[in-house]
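Order of listing sets the numbers, starting from 1, for every ligand and every atom in it. The chain is numbered in sequence order, starting from 1. Here the structure is a predicted model, which is why all the values come from computation and not from measurement.
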Amino acid sequence: MSSENQLSLFDESTFNQPDNQQNLIPTSAKIPIPSGTYANMTELAEHCNQCHRCGLGDNRTHAVVGRGNLKAPIMVVGEAPGQNEDETGLPFVGKSGQLLEKILASVNLNTEHDVYIANINKCRPPDNRVPTTDEMAACLPYLLEQIRLVDPKIILLTGATAVKGLTGDKRGITKIRGQWLEWQGRLCMPIFHPSYLLRNPSRESGSPKWLMWQDIQAVRAKYDEIQNSR
Ligand code: URA
């Protein structure tokens with residue numbers, strides 16, 4: 001090492017800043033966010049609110065990280081914030097969110113005790129468009145960290161974007177909803193996105209709402225089975 005470089009080790013700006021902290025400033029998707037980066041959700045949320053790993057950070061009011069029990073056994077993963085979520089900084093607080101809460105409540109699940117809610121993307125896409133593959137990939141490390149911190153037994157993936165964003169599975173949601181997937185040792189259930197149910201209000205046998213009722217009951221049954229086997 002040259003004496004110039006050795007001397008730079010005495011530079012005060014590097015004190016108290018381990019190398020990995022310097023590398024973590026989330027300005028580009030090229031900067032890795034390794035597993036174990038965040039000690040808690042507050043630290044993670046601070047980074048999300050400064051994040052420019054993709055262009056969605058340019059227009060956000062708030063990054064939308066999550067809400068619910070930070071140690072929940074069930075995690076719901078949505079797509080991306082809409083206007084209400086961008087304004088409040090909380091996921092699923094608009095009409096879709098109200099329906100999601102009702103679906104969970106129908107089998108006695110709630111965000112106070114059993115459920116934590118997050119999204120594939122933390123920032124609102126313009127005009128609520130579907131996030132691009134690059135945007136999803138840029139944001140994925142945050143979700144992986146959230147999953148590590150919450151450590152849910154069951155993950156509900158709402159809609160094809162959530163399935164693709166987390167697992168890479170590109171199959172349509174109609175094809176795979178209701179079927180348990182194993183992803184990195186965790187049980188995942190793809191379900192319809194609540195906004196799809198808002199557009200398809202029929203409750204007839206075989207309708208999207210009816211299928212959701214089957215799926216959420218299967219989730220409840222699996223959750224009970226896991227609890228009873230402990
Ligand atoms: N839709 C989503 O997928 N996520 C939200 O947070 C709100 C609506």
Pairwise salt bridge (Lys or Arg N to Asp or Glu O under 4.0 Å) hits with a residue in residues 208-229, at least two apart: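 Output for this query lists R177-D215, R220-D224, K222-E225.
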Mind checking what residues have non-hydrogen atoms under 4.0 angstrom from ligand 1?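 Within 4.0 Å of ligand 1, the protein residues are G78, E79, A80, E85, P91, F92, N119, H193.
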Same cluster (ILVMFWY, side-chain, under 4.5 Å), L70 and I74: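 Yes; I74 is reachable from L70 via cluster members.
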Please give me the minimum heavy-atom distance between V219 and M189, naming the atom from each residue.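 For V219 and M189, the tightest heavy-atom pair comes out as CG2-CG, 3.9 Å.
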Residues that, via side-chain heavy atoms closer than 4.5 angstrom, fall in one hydrophobic cluster with L56: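 Its cluster mates, by chain and number: none.
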For D114, salt bridge (Lys or Arg N to Asp or Glu O under 4.0 Å) partners two or more places apart: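 In terms of salt bridge (Lys or Arg N to Asp or Glu O under 4.0 Å), with neighbours along the sequence ignored, D114 is linked to no residue.
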Any Lys/Arg nitrogen of E79 or R124 sitting under 4.0 Å from an Asp/Glu carboxylate oxygen of the other?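 No salt bridge links E79 with R124.
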